[in-house]
Amino acid sequence: MSNPYFSFKKITVYHDKCAMKVGTDGVLLGAWVKLGKVRRVLDVGTGTGLVALMLSQRSEGFISIDAIDIDEDAVLQTLENVERASFRNVKAIHSSLQDYVEKCDVKYDMIVSNPPYFSSSLHSPNEQRTLARHTNSLPMVEFMNISARLLSPDGYLSLIFPYAEKDLLIGLAENAGLFVSRITNVYPMPHLNAKRVLLEFSKMKQDTEIADLIIEKERHIYTDDFTELVKDFYLKL
């Protein structure tokens, strides 16, 4: 039986109630986003609450985080993890994004999401249709449009997604009035193709900051860049 929790340096994240377990994608996103002058964050599809907890740790409690999920068990899991971490600035909310936007009366400095997606083996022949439909409950077209509504004028949206969908995702964002400002292509190893991409979007057109991140030099030997990014979280780094 797999371990019901994942221990980090300062937080322990239980994931026994969630379909999506703690993984590298969420850790990358939580460590990569720029907090800057951010004071209010919306975490969409929070799952275990991992990203929200990481942002709370990084900000030392100085930002307010609303963490929403359509899955009631995930919300309960987030509540438990927040309680264990003694963070008082993370609020877990059971809601779809579509319902949430209709009752939300605030704008966010940052929206962050580690969304579910279809694996390449399940893609339809029409890749744009696959990406646009994303999940049955929240198509990516709708996700982008709602994010644009919820962001403050100088706010930004940060995501991690399969690298193969990068250009299609950027196109959907532009149709919603969101423009890519940062791209980090994530490679498992130097000799392998990129598998993930970290993307930041804003309402303002600007020069795009592009970087590459390689996770491992070789099996279990991590690169300096990856270590520097996640060293405040992983126990053995």
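- Between Val51 and Leu53, every side-chain heavy-atom pair lies at or beyond the 4.5 Å cut-off.
- Counting side-chain heavy-atom gaps under 4.5 Å among Ile, Leu, Val, Met, Phe, Trp and Tyr, the cluster of Leu192 also holds Met189.
- A donor-acceptor pair under 3.5 Å is formed between the side chain of Asp69 and the backbone N or O of Thr46.
- Other residues sharing a hydrophobic cluster with Tyr5 under the 4.5 Å side-chain heavy-atom criterion for ILVMFWY residues are Tyr14.
- Contact annotation: the side chain of Val112 never approaches that of Val44 to less than 4.5 Å [non-hydrogen atoms, C-beta and beyond].
- Side-chain contact check for Ser56 and Asn89: at least one donor-acceptor pair (N or O, by modelled atom type) lies under 3.5 Å.
- Thr208 places no side-chain N or O within 3.5 Å of a backbone atom of Arg182 that could act as its donor or acceptor partner.
- For residues 53-102, no pair satisfies ring-ring contact (aromatic ring centres under 6.0 Å, His included), with sequence neighbours left out.
- Formation of a donor-acceptor pair under 3.5 Å by the Ser96 side chain with backbone atoms of Ile70 is not found in this model.
- For the side-chain hydrogen bond (donor to acceptor under 3.5 Å, both in side chains) test, residues two or more places apart in sequence or in another chain that qualify with Ser181 are Glu200.
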Which donor-acceptor pairs under 3.5 Å do the side chains of residues 143-155 make with protein atoms, sequence neighbours left out?
from   : atom 1 : to     : atom 2 : distance (Å)
Asn145 : ND2    : Val141 : O      : 3.3
Ser147 : OG     : Phe143 : O      : 2.8
Ser152 : OG     : Tyr108 : O      : 3.3
Ser152 : OG     : Asp154 : OD1    : 3.3
Ser152 : OG     : Gly155 : N      : 3.2

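- Within the structure, every pair that satisfies the salt bridge (charged side-chain N to carboxylate O under 4.0 Å, His left out) test and touches residues 222-237, not counting sequence neighbours, is listed here: Glu228-Lys231.
- In this structure Arg39 satisfies the side chain to side chain contact (heavy atoms under 4.5 Å, CB included) test together with Ile63, Asp109, sequence neighbours excluded.
- Looking at heavy atoms from C-beta onward, Leu169 lies in side-chain contact with Met140 at the 4.5 angstrom threshold.
- Judged as a ring-ring contact (aromatic ring centres under 6.0 Å, His included), and not counting sequence neighbours, the contacts of Phe8 are Phe6, Tyr234.
- Applying the side-chain hydrogen bond (donor to acceptor under 3.5 Å, both in side chains) test to every pair with at least one member in residues 72-86, sequence neighbours left out, gives these pairs: Asp16-Gln77, Lys17-Glu80.
- Follow the hydrophobic side-chain contacts under 4.5 Å out from Val101 and you reach Val106 in the same cluster.
- Lys203 meets the side-chain hydrogen bond (donor to acceptor under 3.5 Å, both in side chains) test with no other residue; sequence neighbours excluded.
- Inter-residue side-chain proximity for Val197 and Val186 is flagged as unmet; no heavy-atom pair is nearer than 4.5 Å.
- Panel note: side chain Thr223, backbone Ile214; a donor-acceptor pair is recorded below 3.5 Å.
- The backbone N or O of Ala85 sits nowhere less than 3.5 Å from a side-chain atom of Lys10 that would complete a donor-acceptor pair.
- Listed by first and then second residue, the salt bridge (charged side-chain N to carboxylate O under 4.0 Å, His left out) pairs involving residues 45-66 are Arg40-Asp66 (not counting sequence neighbours).
- Screening residues 174-222 for ring-ring contact (aromatic ring centres under 6.0 Å, His included), with sequence neighbours left out, gives Tyr222-Phe226.
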